[in-house]
Amino acid sequence: MAPALEVQGGETVSLNNVSDATIRSRVTVIGSGNWGSVASKLIASNTIKMSNFHDEVRMWVYEETLPNGEKLTDVINQTNENVKYLPGIKLGKNVIADPDLENAVKDANMLVFVTPHQFMEGICKRIAGKIRADAEAISLVKGMEVKMEGPCMISTLISEELGINCSVLMGANIANEIAVEKFSEATVGYRQNKEAAERWVHLFYTPYFIVTAVQDVEGVELCGTLKNVVAIAAGFVDGLEMGNNTKAAIMRLGLREMKAFSKLLFPSVKDSTFFESCGVADLITTCLGGRNRKVAEAYAKNGGKRSFDELEAEMLQGQKLQGVSTAREVYEVLNHRGWLELFPLFSTVHEISSGQLPPSAIVEYSEKQPRSF
């Protein structure tokens with residue numbers, strides 16, 4: 001199956017004939033956690049085969065000292081493996097770990113952002129003015145920044161801080177499954193630059209990782225962001241052993257609130273986006289597996305007596321939850337705009353996560369009837 005770009009009107013364009021660039025592109029992946037390492041592996045498997053890309057993929061690593069005293073970056077470069085966040089998986093010999101953020105990005109014209117969303121503003125400020133003028137970006141980051149003037153999507157933050165075009169990639173992508181090359185799909189969201197979207201699809205596409213593109217950055221990005229809030233709710237249901245019927249109901253209600261919230265913030269969001277991999281597929285896989293569901297299950301089993309911070313530190317070995325912080329940020333938006341009663345599931349997830357309500361309240365919220373959208 002060839003890489004494809006979906007354009008307006010439903011037409012699909014094959015990417016087999018994307019011409020070689022006279023100047024080869026250089027790629028840097030900013031982030032080296034579980035998903036960042038898998039993204040580097042995917043990309044590196046393609047750059048080494050394509051004449052319009054330099055073979056080398058730089059991967060910025062937030063330097064850590066391992067229990068044996070060695071630096072994580074050194075071990076990655078010596079073993080070709082991220083022994084902390086993706087053990088047992090070879091990344092590709094053309095992946096080079098670099099602990100110096102500014103050095104990692106300075107020669108790249110394709111920047112792939114894949115870090116926890118709470119670190120993104122600081123990262124952008126560090127590299128502003130230090131990247132190539134022709135650079136473009138793609139965000140694999142789930143989350144949003146909430147500012148006084150309202151919510152700011154991570155792709156918008158990148159574009160505004162760095163002055164470059166930014167697409168997004170989201171989908172039903174549990175990293176450990178993609179790492180062992182199990183079949184998966186993803187969605188690239190782009191604004192106006194179809195040629196940039198073609199390049200990103202071509203960079204990520206493999207026989208086991210099928211990528212399509214849609215002209216709806218906000219819709220794709222909000223799907224990837226909000227599904228983590230619903231996954232927290234699904235974890236509560238699992239922890240309380242409420243069963244599959246209840247979990248399915250929570251997922252359906254969550255999808256409804258995802259769509260309503262997205263379209264209230266950005267009326268341009270397309271209904272069809274929720275049926276892409278970034279939408280219903282990502283919601284399903286995140287509610288069945290993934291770290292947000294897993295930790296929320298443990299929270300509910302402990303009756304909310306152990307904090308999410310404590311459980312995260314114990315269960316995730318340095319990885320970060322996204323759902324709890326996103327639930328708080330969504331709650332801030334809802335509260336500020338007077339929308340709390342319209343989004344009872346989103347509101348309740350935050351109130352449980354912050355200790356205001358017990359985990360059992362996840363099914364009691366439905367007594368409040370939201371407005372239909």
Can you confirm if the aromatic rings of F308 and Y299 lie within a centre distance of less than 6.0 Å?
yes
Single-linkage hydrophobic cluster V168~F275, side-chain heavy atoms < 4.5 angstrom:
no
Please report the closest heavy-atom contact between A300 and G239, naming both atoms and the distance.
CB-CA, 3.9 Å
Working to the nearest 0.5 angstrom, can you tell me the gap between E160 CD and E121 CD?
10.5 Å
Salt bridge present between K71 and E63 (N-O < 4.0 angstrom)
no
P151 and its side chain to side chain contact (heavy atoms under 4.5 Å, CB included) partner, picked from V333, T156, V330, L222:
V333
When you measure from the side chain of K270 to the backbone N and O of Q215, does any donor-acceptor pair fall under 3.5 Å?
yes
So does N68 have more than 12 non-hydrogen atoms from other groups sitting under 6.0 Å from CG?
yes
Given the rule that I, L, V, M, F, W and Y join up when any side-chain heavy atoms are under 4.5 Å apart, are L169 and I210 in one cluster?
yes
Should the pair F209 and F204 be assigned to parallel (<30°), tilted (30 to 60°) or perpendicular (>60°) ring geometry?
tilted
Which heavy atom of P359 sits nearest to which heavy atom of G304, and what is that distance?
CG-N, 4.0 Å
I want to check something: taking the side chain as every heavy atom from C-beta on, are Y190 and V214 in contact at a cut-off of under 4.5 Å?
no
ILVMFWY network linking Y205 to I48, side-chain heavy atoms under 4.5 angstrom:
no
To check you understand the geometry: which heavy-atom pair defines the closest contact between D100 and W60, and what is its length?
C-CD1, 3.9 Å
Any side-chain to backbone donor/acceptor pair from N193 onto A196? Under 3.5 Å, distance only.
yes
Report yes or no: do H117 and Q322 form a side-chain donor-acceptor pair below 3.5 Å?
yes
Do you know the tightest heavy-atom contact between S37 and N82?
OG-ND2, 2.9 Å
Taking salt bridge (charged side-chain N to carboxylate O under 4.0 Å, His left out) as the definition, give me every residue that meets it alongside R291, ordered by chain and number, with sequence neighbours left out.
none
Keeping the roles fixed (side chain from E221, backbone from S155), state whether a donor-acceptor pair exists under 3.5 Å.
yes
With distance as the sole test, does N109 use its side chain to make a donor-acceptor pair with the main-chain N or O of R26 at under 3.5 Å?
yes
Let me confirm one number: the CZ-CG distance from R24 to D55, rounded to the nearest 0.5 Å.
6.5 Å
Closest contact, heavy atoms only, E351 versus Y331:
OE2-OH, 3.2 Å
Spell out, as yes or no, whether a donor-acceptor pair under 3.5 Å connects the side chain of N165 to the backbone of E136.
no
Can you tell me if CG on D134 sees more than 12 non-hydrogen neighbours from other groups inside 6.0 Å?
yes
For G219, does its backbone N or O pair with a side-chain atom of K263 as donor and acceptor, under 3.5 Å?
no
Do other residues, nucleotides or ligands put more than 12 heavy atoms under 6.0 Å from K90 NZ?
yes
Salt-bridge contact K259-E257 (side-chain N to carboxylate O under 4.0 Å)
no
Start with the C-alpha distance between E297 and R293, add both sets of side-chain angles, then the distance that settles salt bridge (Lys or Arg N to Asp or Glu O under 4.0 Å), and finish with yes or no.
CA-CA 6 Å; E297 179 182 26; R293 188 219 61 82; 3.0 Å; yes
Donor-acceptor contact present, side-chain S277 to main-chain A172, <3.5 Å
yes
Within the supplied structure, the quantity of interest is the number of heavy atoms (other residues, nucleotides, ligands) at a distance under 6.0 Å from Y208 OH; does it exceed 12?
yes
Keeping the roles fixed (side chain from N292, backbone from I232), state whether a donor-acceptor pair exists under 3.5 Å.
no
Can you see whether E332 engages H350 through a side-chain donor-acceptor pair at a distance of less than 3.5 angstrom?
no
Could you tell me whether the side chain of T285 and the main chain of D282 form a donor-acceptor pair under 3.5 Å?
no
Between the CG atom in D107 and the CD1 atom in I131, the distance rounded to the nearest 0.5 Å is 12.5 Å
Minimum heavy-atom distance M170-L140, with the two atoms named:
CE-C, 4.1 Å
Looking at K301 and E241, does any basic side-chain N land under 4.0 Å from a carboxylate oxygen?
no
Do you see a donor-acceptor pair shorter than 3.5 Å between the side chains of T326 and K142?
no
Distance (rounded to the nearest 0.5 Å) between E56 CD and T28 OG1
8.0 Å
Would you sort out whether R191 and E218 count as a salt bridge (Lys or Arg N to Asp or Glu O under 4.0 Å), showing the intermediate values?
CA-CA 9 Å; R191 287 193 172 86; E218 288 82 10; 3.3 Å; yes
As an exercise, state the distance from CG of L203 to OG of S25, rounded to the nearest 0.5 Å.
8.5 Å
From OH (Y62) to OG1 (T73), nearest 0.5 Å:
11.5 Å
Does the pair F113 and V29 meet the rule for a side-chain contact (heavy atoms from CB on, under 4.5 Å), with working shown?
CA-CA 6 Å; F113 288 88; V29 178; over 6 Å; no
Let me check something: do L288 and M258 share a hydrophobic cluster, defined by ILVMFWY side-chain heavy atoms less than 4.5 Å apart, either directly or through other members?
yes
Donor-acceptor contact present, side-chain S159 to main-chain I164, <3.5 Å
yes
